[in-house]
Amino acid sequence: MEESHSKSLNFLEEIVQDDLAAGKYPEGIFTRFPPEPNGYLHIGHAKSICLNFGLAQRFGGRTNLRFDDTNPMTEETEYVESIKHDVSWLGFQWANELYASNYFEQIYQFAVELIQKSLAYVDDSSAEEIATLKGTPTMPGTNSPFRDRSVAENLALFQAMRNGEYPDGAKVLRAKIDMAHPNMHMRDPLMYRIRHVPHHRTGNQWCIYPMYDFAHGQSDSMEGITHSICTLEFDVHRPLYDWFIHKLEIFPTHQYEFARLNLSHTVMSKRKLLQMVNDKLVSGWDDPRMPTISGLRRRGYTAASIRNFCERIGVAKRDNLIDISLLEFCIREDLNKSADRVMAVMDPVKLIITNYPDGQVEDLLIENNPEDPETGKRIVPFTKELYIERDDFMIEPPKKFFRLGPGLQVRLKGAYIITCDQFELHADGSVKEIHASYIPESKSGQDTSGIHVKGTIHWVSIPHAIQAEVRLFDRLLIVEDAGELGDDFTKFINPESLEVINHVFVEPSLKQANIEKAVQFIRKGYFCLDKDSTAEHLVFNRTVSLKDTWAKEQKK
RNA sequence: UGACCUAUGGUGUAAUGGUAACACACCAGUUUUUGGUUCUGGUUUUCUAGGUUCGAAUCCUGGUAGGUCAACCA
């Protein structure tokens, strides 16, 4: 992951560099990745992960993984496990695995301290009353009737809250700031609420839980986080973040905000992703169409390609919509170098080499990866009867069609040049089989025929072919920007986002296919074995197609 | 009609007062036993009006546009 440092710095790197140059952090910087364990991580989190860990790596610091688990109603251990798995799969090692819930006692003491300083009070108002008194962005709020309780009374009430003497919603603890503040977050924000709900880590130990604003900055501070990076929507929280730290007189960590990632043709909010999972519009969080880390992984995306993507999109403070084609470029770039080439026929039609001896099998040696000669060659059996791709043959081929048609010649990849002599049709007019003759002197690697053909097509020997299932994926949404879509976004899910092909014929070497190792089906795309695969029933996911300039040409 | 954030090709991101560049996408050609890859070239940019300056994408002021904030969510 070592990279040249000649590239210009992004604004976060500049901040860190300046801080370091000013000698602010002689012990190095400290960042953190702070997910709430209430869902699976997605590509937007990957950006944050790469930013936080990347900053620390680049400037010689460390990064904590901290679960922001202050709301027991939505959080589960299942999510904790998946998050840890995803972060380490992406290739990052955290300095410490931490939980905001580890700090509940300390945060409680911080609250007591603020009460003692007359900077916090217990409010008996209902949620509705509090909302009403809060005012609006253009109208100042009104002080709560409970705002001026004595320190002693507040202390006693807060203790009673902790002791479980009140039902959910009966009381809250609020900071005493300014109900007329132009920033809504400064109008006596809530610090604690009552929730008689078991927590995934602390069980029934607590029935009061701190709010995000009274937990996040305190956690950052206790951990000595030097640069607390979050997304733009927390920008308006920063005055409050700073206010608590200042009043508590604890380690002054600083918050910096960046614009979150938006990807075209997909959704990026946890709520919407959860909705698709719950409504069974996808098979789960790891459906290969999902923008989740687990979905991308199952789809065949490599960790390196995702890291590279995060590097390329950059980071700034303006809203963005990244074209999904950049993600596709990143995985193609990676797999082109690393994936072995194999042959698979997705839509088969029979090809008979009429002048090839019956029953003869030739073991041809074909290169695994022209990008990397070190990968060597493999054996591919060649026989008289083959499958080729149905769309590699046309009865009446147009001008620039470099494939098979009556009288036309092509090379069979790694084998011989053939000439199409005739074809037979089914009753419905579709092609039943194609008859061709091969040119013995044109054998791949020892071609003395002197014939030059423009097209090379892939093939599979019928008696050796393995039948497999292939799953093709397309963009999840038919619209580019899901940003303005509401709950009805499901209406825009691409009905063709998943296509299953049951009868694909692959070359016999794929018996050794490995779930970790991507392959390229020549001329068709990059594929990986799906977890649904068994020894008897291979299932391949298409990670991404190859660029197809012929398809483009045809559309003209 | 409050506070805050942001405006650079189709999409992103650089340029830190001194020739607007890089990547993706798109187009053309090259190479190729993958219509893949490679390589070469091309199209397309500083929201607007003023101001400061020898010089402004950059600094200042106004305008315009987009976004965030009024959860006992994070």
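In what follows, every chain begins at residue 1, and chains take the letters A, B, ... in the order their sequences are listed.
- Judged by distance alone with a 3.5 Å cut-off, no donor-acceptor contact links the side chain of A:H181 to the base of B:A70.
- Comparing the P positions of B:U48 and B:U64 gives an interatomic distance of 15 Å, to the nearest angstrom.
- A:T70 places a side-chain heavy atom less than 4.5 Å from the side chain of A:F104.
- Taking the C1' atom of each, B:U45 and B:A57 are spaced 10 Å apart, rounded to whole Å.
- Residue contacts shown for A:F402 include a base, since a base heavy atom lies under 4.0 Å away.
- Look at A:T549 and you'll find a side-chain N or O under 4.0 angstrom from OP1 or OP2 of B:G36.
- Looking only at side-chain heavy atoms (C-beta outward), A:L263 and A:I43 come within less than 4.5 Å of each other.
- For the P atoms, the distance linking B:U58 with B:C47 amounts to 8 Å, nearest Å.
- Across the protein-nucleic acid pair, A:I194 atom CD1 and B:C72 atom C1' stand 9 Å apart, rounded to whole Å.
- Between B:U11 and B:G66, the distance separating the two P atoms is 16 Å to the nearest Å.
- Straight-line distance between the C1' atoms of B:G10 and B:U43: roughly 11 Å, to the nearest whole Å.
- Using a 4.0 Å heavy-atom distance criterion, A:G141 is classed as making no nucleic acid contact.
- In this entry the distance linking CD of A:E333 with C1' of B:U38 reads 13 Å, nearest Å.
- In this structure, A:F258 atom CZ and B:U13 atom P are separated by 12 Å, rounded to whole Å.
- Considering only side-chain N and O atoms, A:K524 lies nowhere under 4.0 angstrom from the phosphate OP1 or OP2 of B:U34.
- Distances were taken from every side-chain heavy atom of A:A316 (C-beta onward) to each of B:U68, B:U13, B:G2; the shortest belongs to B:U13.
- The residue A:N183 sits apart from the nucleic acid: no heavy atom pair falls under 4.0 Å.
- Note: CH2 (A:W550) to C1' (B:U32) measures 18 Å, nearest angstrom.
- With hydrogens and angles ignored, a donor-acceptor pair under 3.5 angstrom links the side chain of A:R403 to the base of B:G35.
- The residue A:F234 sits close to a base: some heavy atom pair falls under 4.0 Å.
- You'll find that the side chain of A:V172 is closest to B:C72, out of B:C72, B:C5, B:A70.
- Residue contacts shown for A:L412 are absent, as no nucleic acid heavy atom lies under 4.0 Å away.
- As the counterpart of B:U68, B:A3 is assigned, both hydrogen-bonding distances of the Watson-Crick or G-U wobble pattern falling under 3.5 Å.
- Between A:P370 and A:N10, the residue anchored closer to the 5' end of RNA chain B is A:N10, taking for each the nucleotide with the nearest heavy atom.
- As rounded to whole Å, 16 Å separates atom C1' of B:A71 from atom NZ of A:K270.
- Ring to ring, A:F244 and A:F214 are close: their centroids are under 6.0 angstrom apart.
- Atom-to-atom, CD1 of A:I107 to P of B:A74 comes out at 11 Å; the value is rounded to the nearest Å.
- Residue contacts for A:L190: at a heavy-atom cut-off of 4.0 Å it reaches a base atom on one of the strands shown.
- With respect to the salt-bridge test (charged N to carboxylate O, under 4.0 angstrom), the residues A:K400 and A:E553 qualify.
- In this structure, A:S126 reaches the bases: a heavy-atom distance under 4.0 Å links it to at least one base atom across the strands shown.
- B:A49 is paired with B:U61 under the Watson-Crick or G-U wobble criterion, all donor-acceptor distances under 3.5 Å.
- The residue A:D548 sits close only to the backbone: its heavy atoms come under 4.0 Å of sugar-phosphate atoms, none of a base.
- The only member of A:Y166, A:F158, A:Y209 that meets ring-ring contact (aromatic ring centres under 6.0 Å, His included) when paired with A:Y192 is A:F158.
- Contacts of A:S325 with the nucleic acid, taken as non-hydrogen atoms under 4.0 Å apart, involve only primed sugar atoms and P, OP1 or OP2.
- Candidate nucleotides B:U33, B:A74, B:G67 were compared by shortest atom distance to the side chain of A:D319, and B:G67 ranks first.
- The distance from atom CG of A:N336 to atom P of B:U38 is 6 Å, rounded to the nearest whole Å.
- Residue side chain A:Q554 does not reach the base of B:G35 through any donor-acceptor N/O pair under 3.5 Å, judged by distance alone.
- Looking at heavy-atom distances under 4.0 Å, A:F214 makes no contact with the nucleic acid at all.
- Nucleic acid contact class of A:M211 (heavy atoms, under 4.0 Å, all strands): sugar-phosphate only.
- Looking at heavy-atom distances under 4.0 Å, A:G525 makes no contact with the nucleic acid at all.
- Base engagement by A:S125 is indicated by at least one non-hydrogen atom pair under 4.0 Å involving a base atom.
- Between B:G18 and B:C60, the distance separating the two P atoms is 16 Å to the nearest Å.
- Distance CD (A:Q520) to C1' (B:U37): 9 Å, rounded to an integer number of Å.
- In this structure, A:T74 and A:R312 both approach RNA chain B, and ranking their closest nucleotides by distance from the 5' end singles out A:R312.
- Ring to ring, A:F11 and A:F258 are not that close: their centroids are 6.0 angstrom or more apart.
- Under the stacking criterion of a centre-to-centre distance below 5.5 angstrom and an interplanar angle below 30°, A:Y212 is not stacked against the six-membered ring of B:A74.
- When each of B:G36, B:G35, B:C73 is scored by its nearest atom to the side-chain atoms of A:K547, the top-ranked nucleotide is B:G36.
- Under the 4.5 Å side-chain criterion, counting only non-hydrogen atoms from C-beta, A:R542 is not in contact with A:Y526.
- Contact annotation: side chain of A:R318 to base of B:U8, donor-acceptor pair present below 3.5 Å.
- Summarising the geometry, atom OG belonging to A:S144 is positioned 10.5 Å from atom NZ belonging to A:K176; distances are rounded to the nearest 0.5 Å.
- Comparing B:C24, B:C72, B:G12 by their nearest atom to the side chain of A:L321 picks out B:G12.
- The side chain of A:K552 places an N or O atom within less than 4.0 Å of a non-bridging phosphate oxygen (OP1 or OP2) of B:C26.
- Base pairing annotation: B:G9 forms no Watson-Crick or G-U wobble pair, as no partner gives both donor-acceptor distances under 3.5 Å.
- Pairing of B:G29, defined by two Watson-Crick or G-U wobble distances under 3.5 Å, is identified with B:C39.
- In this structure B:A14 sits in no base pair that meets the Watson-Crick or G-U test at under 3.5 Å.
- Spacing between B:C27 and B:G9 at atom C1', rounded to whole Å, works out to 15 Å.
- A donor N or O paired with an acceptor N or O is found under 3.5 Å between the base of B:U33 and the side-chain atoms of A:R411.
- Of the candidate nucleotides B:G36, B:C27, B:U13, B:G36 has the atom nearest to the side chain of A:L546.
- Taking the P atoms as reference points, B:A3 lies 12 Å from B:G62, given to the whole Å.
- The CD1 atom of A:I322 lies 9.0 Å from the OG atom of A:S264; values are rounded to the nearest 0.5 Å.
- Among the heavy atoms of the strands lying under 4.0 Å from A:I322 are primed sugar atoms or P, OP1, OP2 only; no base atom is included.
- Side chain A:T456 to base B:U34: no donor-acceptor pair is found below 3.5 Å.
- Of the inter-residue distances, the one linking A:R238 atom CZ with A:Y256 atom OH reads 8.5 Å to the nearest 0.5 angstrom.
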